[in-house]
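A quick write-up on the structure given underneath.
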2 protein chains.
Amino acid sequence: MKIPYKIYLEESEMPKEWYNVRADMKNKPAPLLNPATMQPMTLDELSQVFCCELARQELDDATAYIPIPQEIRDFYKMYRPSPLVRAYCLEEKLETPAHIYYKFEGNNTSGSHKLNSAIAQAYYAKMQGLKGVTTETGAGQWGTALSMACSYLGLDCKVFMVKVSYEQKPFRREVMRTYGASITPSPSDTTAVGRKILENHPETGGSLGCAISEAVETANSLEGYRYVLGSVLNQVLLHQSIIGLETKIAMDKYNIKPDIIIGCAGGGSNLGGLISPFAGQKLRGEADMRLIAVEPESCPSLTRGKFAYDFCDTGMICPLSKMYTLGSNYMPASIHAGGLRYHGMSSVVSQLYADGLMEAVSVPQTKVFEAAEEFARVEGILPAPESSHAIRVAIDEALKCKETGEEKNIVFGLTGTGYFDLYAYKRFNDGEMSDYVPSDEEIAASLAKLPNV
Amino acid sequence: MKIPYKIYLEESEMPKEWYNVRADMKNKPAPLLNPATMQPMTLDELSQVFCCELARQELDDATAYIPIPQEIRDFYKMYRPSPLVRAYCLEEKLETPAHIYYKFEGNNTSGSHKLNSAIAQAYYAKMQGLKGVTTETGAGQWGTALSMACSYLGLDCKVFMVKVSYEQKPFRREVMRTYGASITPSPSDTTAVGRKILENHPETGGSLGCAISEAVETANSLEGYRYVLGSVLNQVLLHQSIIGLETKIAMDKYNIKPDIIIGCAGGGSNLGGLISPFAGQKLRGEADMRLIAVEPESCPSLTRGKFAYDFCDTGMICPLSKMYTLGSNYMPASIHAGGLRYHGMSSVVSQLYADGLMEAVSVPQTKVFEAAEEFARVEGILPAPESSHAIRVAIDEALKCKETGEEKNIVFGLTGTGYFDLYAYKRFNDGEMSDYVPSDEEIAASLAKLPNV
């Protein structure tokens, strides 16, 4: 059977359940700890922060398949199933015998896979009768996705956007406004924590850690609001499993056995979603393949971090998670793949890596942009810098196949488009992009400050 | 049969031929005139400007179906077939009994339908053994599409970008650079016409007319180069017929009879491509439906212009075309739908309109952005301002159905995304957008200067 350029599933073939890889893991991811007591967060405690159903999903490490509510499936149908693309043109360009596939999640206005979890989190908030949600956003992809989901469901959406991004990315802000969200540059004078930071650092451009604190404080201070988060959490990986499930159905349909599956790794939402069903196969002993996480050389949490309990946020007000981390004080170099500048990693992904079910590599950003440009020129999609980390390693693996003559099936996740990253492309096109490799001392100094749990 | 949210054709169902509506027209579009002799352009003369095969396509008003070369079909497969989307969520929001469909052409990095003709024109240039092509671009959609096509085929691509856009839209420029094109702000000192304009108007921000002149001069002065154009021409409408053909195949597959087909109208490339196969049905007496062109109130060539021979460019160096025109000196107000700011209209579309096969309406831009925002919030796609003209009228027609209770099938062309139009959305969100209706005197004064042919 000739494999088409793009495999689109029928709507009837779309998954009706998310897959919870934790159910098949022998070593379960460690629980979140309450920063006040250093004890595992209970359902009650989590329900103060998240909607009840999301708190349940966060804790459920036993149920393998969780039904996707009909309303969410209807929303998914607006932009899903996303295509699994056979990169015929890239293969030809590389002259590789490998077969390269990518699951493209950028075909929606938010431009990334974030929408898969945004609609789920907004839906459960709506079902619980909440008025709205608060969140933080850095580069803006998560904020955009959440704005779209809230607009669709008629929920209020308050986004705290890191001030420097708010000023540098006015267009991202405009997309969110067009979807009816209110955007506040952080730090702001609308919260106690924001006012305090502004008092001490009136000129600060803000940080994700501070924006999280403001979003949490705002949700706590308003009747009928909850805080929501776009990565790292177990619930997010659960929702994102739709990526891997669709990929697997499409491959099964054409009887394609993946040899290598590659995803970029920041907080782990895309990577975890993509690999979950395949990791499940490995865990159940049904199939074997290589799973590869790709991270930036400048923020190498898996390849150079420590597997330990750490704070998820710089402000140290959120629960602690056991994960590969560089330390919550680690300040990643300001590379252009903003979505990968996170000190930690999803605890599910971390546990899979610790158990040897997954590999990890780190790559420098100039090599990433070389791959991005090569890909864009033959495949017609301008990729986001984050996804381009996966492209880099997919190309490298395909070139190895060229040497060995192996006809491997390589699959990678193309999480989004680079429309809002053109400043980064400009730097690259102008030859002004550089790489940064943190020294052993720098990483050791940050890891020395890990909490003593 | 339940109609899915998105109808994707199989690759095997994709058209293998373009449809040339001129073959079915009793009144053929009038020929292009040579500005030097005011006589119809011959094949020889046209071949000095365009590739031979494109010159032939420009003149061929007899062949109904023209095969799409395999290489172009392979390229199409990277981003086509494009989905025909059932706008269930918009219907529900409007509470209309009408069924609304849109053909979405924005799912490729160029962000618009322009790629359909760019790859065809680049392909024929390559086949003729040319080294490269030159063109102009204003907003940048056409330049981006052509850059992508040339990069794919290994052709050189020189784009003259209107200087004010070059400065205001650095990201558009970066996309083209990423695809390997060289971008020159126009007017430039690289051409005689550019130097002359700069001498007389050193501070000018440039114009499309001037950029065309520079692109043409550059093509003429270089061995192995031709000039290419993204709209207005018969050949462009021929290539864009892929939009309408796919739409028709998808509708036939689900036995949907369109009652109204709506497209935005600038130079006519998207509109002409979308309606061609349906206009063909009307011409052959096989089916009937309303075809509606939507233009901006500030640039109303069909609704308030004159059907006459006029220059296609402001510089009056290109051939003359018989079309609905406001006069080549008409300066449209600087509305945000840059792609619709053209004084004339494709001669095919003009003739169909003159013969009563098509209607035309004009709409003010604030109403267009209201429709765009309403659409974005429920359908999850941020539309380009140009396409939003069609959305406006589709919504208006659906609301009429709500009053009458008619279950009409309304189809519109969604030509592209609004990622590069966020400044316009900002103006709208800030309540700073205004409308402009040209006075009768203004239009009469411009029409008074039409050439005497």
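Every chain is numbered from 1 and lettered A, B, ... according to where its sequence line falls, protein lines coming before strand lines.
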Rounded distance (nearest 0.5 Å) linking atom CG of B:Asn429 with atom CZ of A:Arg177: 5.0 Å
Rounded distance [0.5 Å steps], NZ in A:Lys77 versus CZ in B:Arg86: 12.5 Å
Check against side-chain contact (heavy atoms from CB on, under 4.5 Å), A:Tyr423 and B:Phe171: CA-CA 7 Å; A:Tyr423 178 69; B:Phe171 290 165; 4.2 Å; yes
Over 12 non-hydrogen atoms of neighbours within 6.0 angstrom of NZ in B:Lys253: yes
Contacts of residues 109-122 of chain B with chain A (heavy atom under 4.5 Å): B:Thr109, B:Gly111
A:Asp421 side, atom CG; B:Glu174 side, atom CD - distance, nearest 0.5 Å: 12.5 Å
Heavy-atom proximity to chain A below 4.5 Å, by part of B:Arg80: backbone
B:Arg377 vs A:Tyr152 side-chain heavy atoms within contact, under 4.5 Å: no
Closest non-hydrogen atom pair, A:Met78 against B:Cys89: SD-SG, 3.6 Å
Among A:Asn108, A:Asp430, A:Thr417, residue most engaged with chain B (heavy-atom pairs, under 4.5 Å): A:Asp430
Per-residue contacts, residues 2-11 of chain B versus chain A, heavy atoms under 4.5 Å: B:Pro4, B:Tyr5, B:Lys6, B:Tyr8, B:Glu10, B:Glu11
Atom CD of B:Glu92 with >12 non-hydrogen neighbours under 6.0 angstrom: no
Contact winner vs chain A - B:Asn107, B:Val85, B:Leu382, B:Thr178, heavy-atom pairs under 4.5 Å: B:Thr178
Parallel, tilted or perpendicular: ring planes of B:Tyr419 versus A:Phe420, cut at 30 and 60 degrees: perpendicular
Under 4.5 Å from any heavy atom of chain A - which part of B:Val175: both
